[in-house]
> 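The structure is given below, and queries will be raised subsequently.
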Protein chains: 2
Amino acid sequence: MKMSDVAKLANVSPATVSRVLRQPDLVSKETKQKVMEVIKELNYKPDMSASQLRTRETKIILVIVPDITSPFFSKVLRGIEHTAVENGYQVILGDTENDIEREKDYIDLLYRKQADGALLLTARMNKENLENLSKKFPIVLACEYLDNLDIPTVSIDNVSSARKATEHLIQLGHTKIAHISGPMNIILSRDRLKGFQQAMTHNHLKINPAFIQEGDYGIDSGYDQMMKLLSLDNHPDAVFVFNDEMALGAIKAIQDHGLIVPDDIAIVGFDNLKIASIFSPLMTTIDQPKYEIGQKATKLLLTLMKGGTVKKKKFVLKDELIVRESCGTKIPNPCIEDFISQ
Amino acid sequence: MKMSDVAKLANVSPATVSRVLRQPDLVSKETKQKVMEVIKELNYKPDMSASQLRTRETKIILVIVPDITSPFFSKVLRGIEHTAVENGYQVILGDTENDIEREKDYIDLLYRKQADGALLLTARMNKENLENLSKKFPIVLACEYLDNLDIPTVSIDNVSSARKATEHLIQLGHTKIAHISGPMNIILSRDRLKGFQQAMTHNHLKINPAFIQEGDYGIDSGYDQMMKLLSLDNHPDAVFVFNDEMALGAIKAIQDHGLIVPDDIAIVGFDNLKIASIFSPLMTTIDQPKYEIGQKATKLLLTLMKGGTVKKKKFVLKDELIVRESCGTKIPNPCIEDFISQ
DNA sequence: CTGAAAGCGCTTACAG
DNA sequence: CTGAAAGCGCTTACAG
């Protein structure tokens, strides 16, 4: 069933049916009502392929994610999907599984007019390509980013949050501090390492090169890298880990090694996953506003797709150090504080 | 740039360009080569909107997921996405957040010709509606299902796997066995409860009605329901939990209550999430082949979309009881077994 | 306020 | 093996 069927039954032209649906203000009240009745009766739904071709708009957003099974990205994705649907857009999911080739394949969908714009949660291609792309299509980055990129980007300040996490460790008296980083080809990893280095240098602490181990995001990798650190003659007494998943693996490695977190080794994670707040030791970590990152990025993309411009390029959302148990700081007893403040 | 531009430059008709791309066997070698050169030179990519309208095929699969942030579903989704892309299809993500209304909104996309078929990882609508839908569109269910439904469905046998999990508890000598179920409006929950009941009855064990508590999937809910069970005068000595996430919450509740898993209370989970194998007690659980469920479901949908028929309706994949620590069974030392078998 | 007509960019049945 | 032509189902500028 198509628009002309509705038109016939309602004794109007297809043009009028289209107007009722898209520009109802241009149609008289009576006509509108009559057409609406027929539409309901037939349960008519306009064909999107046709309107996509005609309007040159797909109402689809392409979202490229490095890893759909990551609890972090799935929360960001929820923020994106929710905001997209609220605004009448659908989301095509592009799961690259951290493979740059697949990233390119998905980008192709933009050239093929299968999506109106893209949200990149991973940006492994080079800066020049990316900027060219953004001249042709509405593009917004989230989570990952590139230096001095002229494309709207939503993320937290990874350098300062990493510095904050490391400084927390320093303030607790740790000096032999290690870092399990993410893959070094990702700027996120480099920035968090930078924050770590800044905190160490600023506090006149030496960084032992053997104390920096590169992981690859997963629990197992956190376990393996921590085992490497534990095998050193003089192992660290604290570790700042790139993300909570690897931190979970690191904690397990420490326990398997017969040591205790935080008594023997303190751990700070990153992302504040739900699971990090369940098992003891409850993890001290950096909270990222995951849903909000997705939401904000989608809103920016929406304005770009409507033809608007976004002058500001860096949108830095607030992170927060969540102090729990994995660094040895007990959460102060709220009852006692209540007494004191009374 | 469009097909006619390519045609002009290659001195052929648009029809020929189209044939080069879609039915290359119909084109002479020379023409093909010439056209391909121009296509490369211009970096021409055919417009999907146009070909979608013309061919009445979108090459898009709609995937409706109850909760994109669930580690279980995100693995299934990876299987789907991977298989879809391999076969030239894209995935539109429909995250219902367990809301039946949103399920309906996504189904609309089928009527609007925005997708060629749908994969439902959640089926909350009634059977009649669903069967009507599947007469109009290619539909495959996965994970969730309905009784005697005439639509291809991929899942494990939830009744037998729940029975197996419960029997494991019984064989270890437990008698006061509780069950934290999923939401009772979901057939999955009812089937796992059924398996639990079958195992109990078959072993002449009484089911204490207070020992059955309904949760809602999440960690917090597992925690809360377990707390309810712990507050009973005579609390259970073992609990079969609907999924690993709630089992995680339940274990935490037990620990917070000052008891030990598995010494005081044994726990069996369901799904075999990665995280269930990290922290002690390592969880005994039912493994579901998540990726394979997604893969199989997608392959079935692909054959339906190609116009094929699927005679068999129930596709039951293999589950497996993974025995770890949360029921008190130590993994037998493989070295000893090796000695014995030698 | 409404209709007739053109056209979005492809694909394919038909003719040669 | 190739081209001309029709048409997929809408939308909108134009005319009235």
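Source: prediction; values computed, not measured. A note on names: the letters A, B, ... follow the listed sequences, proteins ahead of strands, and every chain is numbered from 1.
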> Write down the distance between CG (A:Leu53) and P (C:dA6), rounded to a whole number of angstrom.
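These atoms are roughly 17 Å apart.
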> Choose from C:dC1, D:dC1, C:dG9 the nucleotide whose nearest atom is closest to any side-chain atom of B:Ser28.
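The answer is D:dC1.
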> Residues in side-chain contact (heavy atoms from CB on, under 4.5 Å) with B:Ser70, at least two apart?
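Applying side-chain contact (heavy atoms from CB on, under 4.5 Å) to B:Ser70 gives B:Asp67, B:Phe72, B:Phe73, B:Glu245.
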> Measuring only the C1' atom in each nucleotide, how far is C:dT12 from C:dG16? A whole number of Å is fine.
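Pairwise C1' distance, C:dT12 against C:dG16, rounds to 16 Å.
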> In terms of side-chain heavy atoms of A:Arg22, which of D:dC10, D:dT11, C:dC10 is nearest?
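Nearest to the side chain of A:Arg22 among the choices is D:dT11.
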> Rounded to the nearest 0.5 Å, what separation is found between the OH atom of A:Tyr89 and the CG atom of A:Asp116?
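Interatomic distance, A:Tyr89 OH to A:Asp116 CG, rounded to 0.5 Å: 5.5 Å.
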> What is the separation between atom CD on A:Gln23 and atom C1' on D:dC10, rounded to the nearest whole Å?
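In whole Å, D:dC10 C1' and A:Gln23 CD are 13 Å from each other.
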> Pick the closest DNA chain C nucleotide for B:Thr55 and for A:Ser13 by heavy atoms, then say which residue is nearer the 5' end.
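Comparing both residues, the 5'-ward one is A:Ser13.
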> Under 4.0 Å between a side-chain N/O of B:Thr16 and OP1 or OP2 of D:dT2, yes or no?
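Answer no for this pair, as no side-chain N or O of B:Thr16 is under 4.0 Å from OP1 or OP2.
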> Looking only at side-chain N and O atoms, does A:Tyr44 come under 4.0 Å of OP1 or OP2 in D:dG9?
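No, no such contact exists.
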> Between D:dT12, C:dT2, D:dG7, spot the one nearest the side chain of A:Thr31, thanks.
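Nearest to the side chain of A:Thr31 among the choices is C:dT2.
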> From the options D:dG3, D:dT11, D:dA6, select the nucleotide whose nearest atom is closest to the side chain of B:Arg54.
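Minimum distance to the B:Arg54 side chain belongs to D:dA6.
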> Return the value, rounded to whole Å, for the distance between atom NZ of B:Lys8 and atom C1' of D:dT2.
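Taking NZ of B:Lys8 and C1' of D:dT2, I get 18 Å after rounding.
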> Under 4.0 Å between a side-chain N or O of B:Gln52 and OP1 or OP2 of C:dC10?
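Checking C:dC10 against B:Gln52, no side-chain N or O comes under 4.0 Å of OP1 or OP2.
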> D:dG3 C1' sits how many Å from B:Asn11 CG, rounded?
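Taking atom C1' of D:dG3 as the reference, CG of B:Asn11 is at 13 Å.
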> Both distances under 3.5 Å, Watson-Crick or G-U wobble: report the partner of D:dG3, or none.
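With both distances under 3.5 Å, D:dG3 matches C:dC14.
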> Whole angstroms only, please: what is the NZ-P distance between B:Lys34 and D:dC1?
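Atom-to-atom, B:Lys34 to D:dC1, this comes out as 14 Å.
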> Inspect the surroundings of NZ in B:Lys45 and state if more than 12 heavy atoms from other residues, nucleotides or ligands are less than 6.0 Å away.
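Counting neighbours around NZ of B:Lys45, more than 12 heavy atoms of other residues, nucleotides or ligands fall under 6.0 Å, so yes.
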> With a sphere of 6.0 Å drawn around NZ of A:Lys127, does it hold more than 12 non-hydrogen atoms of other residues, nucleotides or ligands?
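Yes - once you tally the heavy atoms of other residues, nucleotides and ligands closer than 6.0 Å, there are more than 12.
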> Is it the case that atom CD in B:Gln33 sees more than 12 heavy atoms from other parts of the structure closer than 6.0 Å?
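For B:Gln33, atom CD is not crowded (no more than 12 foreign heavy atoms under 6.0 Å).
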> Report the nucleotide, chosen from C:dG3, C:dT11, C:dC1, that has the shortest atom-to-atom distance to any side-chain atom of B:Ser51.
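When the side chain of B:Ser51 is considered, C:dT11 is the closest of C:dG3, C:dT11, C:dC1.
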> Any luck finding a side-chain donor-acceptor pair between B:Arg190 and B:Asn158 under 3.5 Å?
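Judged by distance alone, the side chains do not pair up.
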> Quick one: B:Leu26 CG to C:dT12 P, roughly how many Å, whole number?
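The distance from CG of B:Leu26 to P of C:dT12 comes to 10 Å, rounded to the nearest Å.
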> Just the atom pairs and distances: protein N or O near nucleotides 13-16 of chain C's N or O, under 3.5 Å.
residue : atom : partner : partner atom : Å
C:dA13  : N6   : B:Arg19 : NH2          : 3.0

> Which distance, rounded to the nearest 0.5 Å, do you find between the CG of A:Leu9 and the CD1 of A:Ile39?
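Result: 11.5 Å between the selected atoms.
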> Output the rounded distance in Å from NZ (B:Lys59) to C1' (C:dT11).
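About 14 Å, once rounded to whole Å.
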> Classify the side-chain pair A:Tyr145/A:Lys314 by whether it contains a donor and acceptor separated by less than 3.5 Å.
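On atom types as modelled, these side chains do not qualify, holding no pair under 3.5 Å.
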> With a 4.0 Å limit, can you tell me whether A:Arg56 has a side-chain N or O closer than that to the phosphate oxygens OP1/OP2 of D:dT11?
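No, outside the criterion.
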> Return the nearest nucleotide to the side chain of B:Asp47; candidates are C:dC10, D:dC10, C:dT2.
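Of all the options, the side chain of B:Asp47 is nearest to C:dC10.
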> What is the distance, rounded to the nearest whole Å, between atom CE of B:Met48 and atom C1' of C:dC8?
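Roughly 16 Å, once rounded to whole Å.
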